[in-house]
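Quick note on labels: first sequence line is chain A, next is B, and so on, each numbered from 1.
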Protein chains: 2
Amino acid sequence: MTPTSPGGIMATTTDSTAEIRRLLMAGPDFTLAAVDPRSTPGFDGGKSKGTAALAAGAKALSGLQEKLFAESRSGSGISVLLVLQGMDTSGKGGIVRHVVGLVDPQGVQHHAFKAPTEDERNHDFLWRIRRELPTPGMIGVFDRSHYEDVLVQRVRGLSSADEVEERYGAIRTFENEVAASGTRLLKVMLHISKDEQKTRLAERLERNDKYWKYNPGDVDERGYWEQYQEAYQLAVERTSTPDTPWYVVPADRKWYARLAVQHLLTGTLEDMQLSWPRATFDVETEKQRLQAS
Amino acid sequence: MTPTSPGGIMATTTDSTAEIRRLLMAGPDFTLAAVDPRSTPGFDGGKSKGTAALAAGAKALSGLQEKLFAESRSGSGISVLLVLQGMDTSGKGGIVRHVVGLVDPQGVQHHAFKAPTEDERNHDFLWRIRRELPTPGMIGVFDRSHYEDVLVQRVRGLSSADEVEERYGAIRTFENEVAASGTRLLKVMLHISKDEQKTRLAERLERNDKYWKYNPGDVDERGYWEQYQEAYQLAVERTSTPDTPWYVVPADRKWYARLAVQHLLTGTLEDMQLSWPRATFDVETEKQRLQAS
């Protein structure tokens with residue numbers, strides 16, 4: 001039972017955050033097929049309450065981001081990396097715009113991974129990923145990631161099954177290294193239904209200011225929907241570990257997905273027990289020097 | 001006379017934008033000492049109206065940014081580069097947070113330049129700048145820039161007068177190249193008074209969540225205030241050209257500086273006459289394919 005205020009908006013961020021994290025984390029028995037993309041785990045309001053809750057949570061998230069950034073100025077090497085995966089139209093961009101977009105852009109390093117270039121293909125699949133890891137104090141955001149190398153590559157037969165299996169091991173090792181170096185990983189899969197995707201793609205064909213978002217190849221990919229679901233199931237199974245878990249977010253309702261990711265990000269930052277750096281100077285002396293200047 | 005609605009908020013963005021650009025652009029006779037840091041050229045309201053106008057202008061700016069981004073998907077190579085300069089506490093970070101922060105972070109490439117590293121010092125001063133230029137479709141934001149090499153370097157005698165003079169020429173050539181390659185430059189100097197800086201630094205000594213922003217060296221720099229003003233005067237004189245002009249924004253009132261930069265950025269994007277890319281596919285065919293999928 002989620003604690004709510006009389007108005008239905010979550011009463012305490014922390015309780016709701018813990019609940020949403022618990023409900024969305026992919027544990028050892030995770031089954032993607034059992035997740036209803038239209039469900040709203042941990043939140044018992046509708047769209048208007050969810051939108052209000054998102055706005056209400058912005059300040060806490062923004063404050064935590066600033067603290068993370070501030071800590072880096074006093075030599076802390078910690079950072080956060082939000083990895084966003086999901087089928088086309090699952091709302092990755094909307095998360096960046098409406099959740100990440102509420103914090104100071106100075107504290108965000110965003111990177112959208114496209115199909116690898118020739119140069120990138122000449123390196124190990126993690127090469128281009130390492131280059132985009134967040135620097136200290138930053139929230140890194142990956143729109144797609146190294147997981148494409150075990151998803152599209154598997155589904156479209158661009159890599160062999162053995163190769164993909166090896167990559168899961170490489171990913172676990174890599175992510176453990178990243179975590180050990182002080183970067184908290186928050187891996188999010190936005191889970192939409194095939195019908196919802198059809199609706200969203202259709203919207204892109206209705207308005208001339210949306211055409212640029214449409215790619216005929218997206219319809220071809222729909223033919224592999226089940227294979228993609230299997231690839232996601234396997235990827236989550238293989239790489240959701242206690243230190244680097246996956247969170248699978250029902251995403252047919254955009255407002256819920258955004259609210260849920262806001263909670264996940266807030267919770268990740270809360271875990272870091274951030275604090276404002278102490279003054280490295282004598283405050284009274286500085287007040288006098290400044291006054292005299 | 002700025003056209004205003006009865007409520008004092010600008011009636012039409014475009015007229016106000018043109019007026020603010022005209023008033024703030026540094027022409028051949030520019031004199032920094034004649035700019036009052038507390039003035040609000042082109043806007044005749046106060047803080048509350050200015051804040052409301054900033055919020056009201058967000059949608060137009062955001063829409064233009066999306067169009068810029070969309071054009072890049074259809075092969076356009078154009079981009080925008082906002083260069084922010086100003087004394088410590090002049091509000092560069094606030095511009096990023098409150099003006100740039102209103103557009104989609106996916107369309108922004110922000111970089112804060114610090115004192116050059118050893119590696120950077122081993123290269124030409126423009127080397128590290130070139131590496132951070134915005135990619136097509138993006139709004140690049142430089143918090144400090146190559147201008148540090150003619151400002152602090154001149155004031156603190158880190159480079160000789162001759163060297164600095166040569167750099168002005170190098171900067172003009174460089175910026176012309178950048179502009180010719182399709183990147184619109186928007187160079188903004190945030191102009192504060194020495195008293196206002198004192199007030200803002202003092203605030204950082206009053207709250208333990210602000211200590212991290214304070215650096216005792218900032219007080220030392222105040223001893224060179226006049227020399228910095230001279231260096232800015234000279235830099236603007238030498239590098240404000242019709243294609244790459246400087247805009248000098250009175251910045252003692254944060255709300256005005258933010259509103260002014262929003263107008264400058266909006267105007268820069270309007271100049272580009274952006275349009276939504278046409279469909280590169282047959283819309284009706286795609287509707288049918290999607291429906292059948």
Side-chain angles (χ1 to χ4, degrees), chain A residues 62-63 66-67 69-74 93 96-98 100-110 112 141 143 194 197-198 201-202 204-216 218-223 225 276-287 289-293, chain B residues 62-63 66-67 69-74 93 96-98 100-110 112 141 143 194 197-198 201-202 204-216 218-223 225 276-287 289-293:
Chain A
S62 196
E66 191 181 357
K67 247 182 198 174
F69 188 82
E71 279 210 3
S72 73
R73 294 302 183 88
S74 66
V96 178
R97 182 160 196 164
H98 299 283
V100 178
L102 296 177
V103 310
D104 191 336
Q106 295 170 94
V108 173
Q109 290 171 332
H110 170 267
V141 181
D143 178 341
K194 195 176 177 188
Q197 189 191 55
K198 183 184 275 190
L201 286 174
R204 297 181 178 179
L205 292 169
E206 290 303 330
R207 287 169 48 180
N208 75 342
D209 61 342
K210 299 285 179 199
Y211 289 163
W212 67 277
K213 294 187 174 186
Y214 184 87
N215 179 345
D218 297 344
V219 173
D220 303 329
E221 291 299 300
R222 282 173 63 75
W225 189 270
W276 295 111
R278 291 192 190 178
T280 54
F281 44 81
D282 183 71
V283 175
E284 289 311 314
T285 305
E286 290 304 317
K287 282 184 182 175
R289 288 183 67 227
L290 177 62
Q291 209 46 48
S293 74
Chain B
S62 197
E66 191 180 356
K67 247 182 197 173
F69 188 84
E71 280 210 2
S72 73
R73 296 303 182 85
S74 67
V96 179
R97 182 160 197 165
H98 299 282
V100 179
L102 296 176
V103 311
D104 192 335
Q106 295 171 93
V108 174
Q109 289 171 333
H110 171 267
V141 182
D143 179 339
K194 196 176 175 189
Q197 188 190 56
K198 184 185 275 191
L201 285 174
R204 296 181 179 179
L205 291 169
E206 290 302 331
R207 288 169 48 179
N208 75 343
D209 61 342
K210 298 286 180 197
Y211 289 163
W212 68 276
K213 293 187 174 186
Y214 184 85
N215 179 346
D218 296 344
V219 173
D220 303 330
E221 291 299 302
R222 282 173 63 74
W225 190 270
W276 296 111
R278 291 191 190 181
T280 54
F281 44 82
D282 183 72
V283 175
E284 288 311 314
T285 305
E286 290 304 318
K287 282 183 181 174
R289 286 182 67 227
L290 177 61
Q291 210 44 50
S293 75

Is any side-chain heavy atom of [X] closer than 4.5 Å to a side-chain heavy atom of [Y]?
X         : Y         : answer
Glu286(B) : Arg204(A) : no
Arg97(B)  : Ser62(A)  : yes
Arg73(A)  : Lys213(B) : no

Pick whichever of Gly223(A), Ala279(A), Gly101(A), Ala112(A) has the most heavy-atom pairs under 4.5 Å with chain B. Ala279(A)
Taking every heavy-atom pair that is under 4.5 Å apart, which of Lys210(A), Gln109(A), Gln291(A) has the most such pairs with chain B? Gln291(A)
Classify the angle between the aromatic ring planes of Phe69(A) and Trp212(B) as parallel (below 30°), tilted (30 to 60°) or perpendicular (above 60°). perpendicular
In chain order, what residues pass the ring pair (Phe, Tyr, Trp, His ring centres under 6.0 Å) check against Tyr214(B), with sequence neighbours excluded? Phe281(A)
Check side chain to side chain contact (heavy atoms under 4.5 Å, CB included) between Asp220(A) and all other residues, then give those that pass, not counting sequence neighbours. Arg289(B)
Among [options], who wins on heavy-atom pairs under 4.5 Å with chain A?
options                         : answer
Lys67(B), Lys194(B), Glu66(B)   : Glu66(B)
Glu284(B), Arg278(B), Arg222(B) : Arg222(B)
Asp143(B), Asp104(B), Val141(B) : Asp104(B)

Give me the atom names and distance for the closest heavy-atom approach of Trp276(A) to Asn208(B). CB-O, 3.8 Å
Looking at Val96(B) and Gln106(A), what are the two nearest heavy atoms and their distance? CG1-CG, 3.4 Å
Distance-only, no hydrogens or angles: does the Lys287(B) side chain make a donor-acceptor pair with backbone N or O of Ala202(A) under 3.5 Å? no
So how far is it from Asp282(B) CG to Leu205(A) CG, rounded to the nearest 0.5 Å? 10.0 Å
So what's closer than 4.5 Å to chain A heavy atoms on Ser293(B): side chain, backbone, both or neither? both
